[in-house]
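The block underneath contains the structure these notes are about, expressed in structure tokens.
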Amino acid sequence: MNSNGLLITGVDRDSIADQLGIQPGDRLVAINDQPVRDILDYRFLCANEELVARVVTGDGEEWEIEIEKDYEEDLGLDFGEHSFGPTRRCRNRCLFCFVDQMAPGMRETLYIKDDDYRLSFWQGNFVTLTNVDEAELQRIIDQRLGPLYISVHTTNPDLRRRMLNNRHAGKIMDQLTRLAEAGIEMQTQVVLCPGINDGKELVRTIEDLSRLWPRVHSLAVVPVGITKFREGLFNLRPFNREEARAVVELIEDYQRKFLARWDYPFVYASDEFYVMAGKPIPPTENYGDFPQTENGVGLARLFLDEWELLKEDLPDRIEHNRTVTLVTGMSGEPFLRQVVEGLNQVAGLQVNLEVVKNTFFGETVTVTGLLTARDIIDSLQGKEIGDLLVLPTVMLRNGEDVFLDDLRVRDVSQQLRVPVAVVEGPRDLVEVALGIKQDTNW
């Protein structure tokens, strides 16, 4: 966090700041004698109707400006990429860390380990709280920085210290309890490792966290991800089907108890666990308010529910014959197979499902979002794709058309010599497959 204030990169026209003569290149240092270290301080302190802002201009002059404004009125300042200053890095050496298993030679950002409570509040990043001191814990409480997304992994202090390889990791329940008592909402997760924090340890974790409900609003249990790049790392293995089934059944038992007690399921197994276990995705009521879809919990159910509504309105046939190939990872096959079978009931439409194995990270990595462009190209080279190749957007960097291996959608299109469409959900998929939506890349 920046102790010298926030660098102003933009000023909204006709805003309070503009009328006061504040310009890009100036620095906002304090509001009401409180330091402005990042965008969170700025938003929190600006909630007052009477402000005294201290600004250092680009020429080095120091201004003290008295401001009267409406409660929700903003000053009109933009801090750009400087809004948070340096990101707080992770100090743990987790024995299951996925970043440690990344392939060499990829873009630098993929190797960054952040553990910043500010980004947990701002963006939903999961943090461990191992680098949060007393003053920062109090700041979370004072500024009401919730919900927070917290990686718990286990509530056993000794086991958590070992799993995270951090001597400060054992105080997690004290931290969570204090935040809960202060009314801070938390979404939590466990990365489950067979033979380490499953079984009785998982039972302990569920029991401990459920005592802090509703402030601890949810607990997602996701399987450890293991790539082929684990040389020199802790000896881990993936869950087998029987172990995955035991995890799912344990969680479903707890869901029944919590639904009866609170009318809320609280704990969830990720979609990937259901695929591993070979069990059907639970009904919608087992997902509460779907608090952790970005953690891979409940996405399959939302997908299937939307498909159920869409399939009722499918046409009997399309005017021009059309062949489409849809790509998925291994974990997406059980859900997409239902959609493909439904679409193939439309006369004139042929949809093929291509299940691509992850050779880049290793075949134990089955989620669609970790497939690379090279895996897709190698899997489909020489095959009959048809009129269009359809890829889910989860394969791409957020807001861009770039895969994990830095190839772009157009690279896939050019190498396979076929138009490519990227779809976000069932409606996109149906419209692209039927030819209603023409959103393709060459």
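What you are looking at is a predicted structure, and each value in this text was computed from that prediction instead of being measured.
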Is any side-chain heavy atom of Q255 closer than 4.5 Å to a side-chain heavy atom of V267?
-> yes

Less than 4.0 Å between a side-chain N and a carboxylate O, is that true for R13 and D18?
-> no

If you count the non-hydrogen atoms of other residues, nucleotides and ligands that lie under 6.0 Å from CG in D289, is the total more than 12?
-> yes

Please report the closest heavy-atom contact between V275 and S331, naming both atoms and the distance.
-> CG2-O, 3.3 Å

When you check the side-chain N and O atoms of T368 and T328, is any donor under 3.5 Å from an acceptor?
-> yes

Taking the six-membered ring for Trp, is the centroid-to-centroid distance between F84 and W122 below 6.0 Å?
-> yes

Is a side-chain donor or acceptor of D271 paired with a backbone partner of G298 at a separation under 3.5 angstrom?
-> yes

Output yes when a side-chain donor or acceptor of D198 lies under 3.5 Å from a complementary backbone atom of G195, and no otherwise.
-> yes

Nearest heavy-atom contact between P282 and R301 is O-NE, 2.8 Å

N92 and T130: side chain donor to acceptor below 3.5 Å = yes

Correct closest heavy-atom pair for A220 and Q292 would be CB-OE1, 3.3 Å

Could you tell me whether the side chains of Q187 and E185 share a donor-acceptor contact shorter than 3.5 Å?
-> yes

Any chance the side chains of D116 and T87 put a donor and an acceptor closer than 3.5 Å?
-> no

V351 side chain near V390 side chain, heavy-atom distance below 4.5 Å | no

Euclidean distance, M106 CE relative to D405 CG, rounded to 0.5 Å = 6.5 Å

Answer with yes or no whether the side chains of D208 and T155 bring together a donor and an acceptor at under 3.5 Å.
-> yes

With under 30° as parallel and over 60° as perpendicular, where do the rings of F98 and F361 fit, or are they tilted in between?
-> tilted

Would you find a donor on one side and an acceptor on the other, under 3.5 Å apart, between the side chain of K228 and the backbone of T364?
-> no

Sorted by chain and residue number, the side chain to side chain contact (heavy atoms under 4.5 Å, CB included) partners of E333 (sequence neighbours excluded) come out as R337, L353, V355

Mind telling me whether Y287 and F290 have parallel, tilted or perpendicular rings, with 30° and 60° as the class edges?
-> parallel

Does a sphere of radius 6.0 Å around CD in Q381 hold more than 12 heavy atoms from other residues, nucleotides or ligands, not counting ones at 6.0 Å or beyond?
-> yes

State, with a plain yes or no, whether a side-chain heavy atom of R107 is found less than 4.5 Å away from one of V402.
-> yes

Any donor-acceptor N/O pair, K279 side chain to I281 backbone, under 3.5 Å | no

Does a sphere of radius 6.0 Å around NZ in K357 hold more than 12 heavy atoms from other residues, nucleotides or ligands, not counting ones at 6.0 Å or beyond?
-> no

Would one find more than 12 heavy atoms of other residues, nucleotides or ligands at under 6.0 Å from atom CD of E319?
-> no

Rounded distance [0.5 Å steps], CG in N156 versus CZ in R204 | 4.0 Å

Do Q143 and D41 have a side chain donor and acceptor closer than 3.5 Å?
-> yes

Does the side chain of N295 reach to within under 4.5 Å of the side chain of Y268, using non-hydrogen atoms?
-> no

Can you find a heavy atom in the side chain of I184 that is under 4.5 Å from one in the side chain of L145?
-> no

Where is the tightest heavy-atom contact between F126 and T188, given as atom of each residue plus distance?
-> CE2-C, 4.1 Å

Heavy-atom side-chain proximity of L45 to L51 below 4.5 angstrom | no

Between atom OH of Y42 and atom CD1 of I8, what is the distance when rounded to the nearest 0.5 Å?
-> 8.0 Å

List the atom of F403, the atom of T372, and the distance in Å for their closest heavy-atom pair.
-> CD2-C, 4.2 Å

Pair Y254, E207: side-chain N/O donor-acceptor within cut-off below 3.5 Å | yes

Check whether any side-chain N or O of D70 sits under 3.5 Å from a backbone N or O of E73 as a donor-acceptor pair, and report yes or no.
-> no

For the residue pair A433 and V324, what are the closest heavy atoms and their distance?
-> O-CG2, 4.1 Å

Spacing of L371 atom CG and L404 atom CG [to the nearest 0.5 Å] = 9.0 Å

Under the 3.5 angstrom rule, does the side chain of T9 hit a backbone N or O of G80 as a donor-acceptor pair?
-> yes

So do the side chains of R427 and L310 get within less than 4.5 Å of each other, counting heavy atoms only?
-> yes

Is the number of heavy atoms from other residues, nucleotides or ligands under 6.0 Å of E424 CD greater than 12?
-> no

May I ask you to say whether R139 pairs ionically with D142, meaning some side-chain N is under 4.0 Å from a carboxylate O?
-> no

Quick one: do the Q138 and R178 side chains pair a donor with an acceptor below 3.5 Å?
-> yes

State whether R88 and D38 are salt-bridged, where the test is any N-O pair (Lys NZ or Arg NE/NH1/NH2 against Asp/Glu carboxylate O) under 4.0 Å.
-> no

Any side-chain donor-acceptor pair under 3.5 Å between T205 and N197?
-> no

Is the backbone N or O of Q123 less than 3.5 Å from a side-chain atom of Y149, with the two atoms forming a donor-acceptor pair by type?
-> no

Can you tell me how far CG of L416 sits from CG of D411, rounded to the nearest 0.5 angstrom?
-> 10.5 Å

Do any N or O atoms from the side chain of Q101 and from the backbone of C97 form a donor-acceptor pair under 3.5 angstrom?
-> yes

Any L236 side-chain heavy atom under 4.5 Å of C193 side chain = yes

Sidechain-backbone polar pair: N165 side chain, R93 backbone, donor-acceptor under 3.5 Å | yes

Give every residue pair that meets the ring-ring contact (aromatic ring centres under 6.0 Å, His included) criterion with at least one member in residues 215-250, sequence neighbours excluded.
-> H217-Y264, F239-F273

Is a donor on one side and an acceptor on the other found under 3.5 Å between the side chain of Q189 and the backbone of H153?
-> no

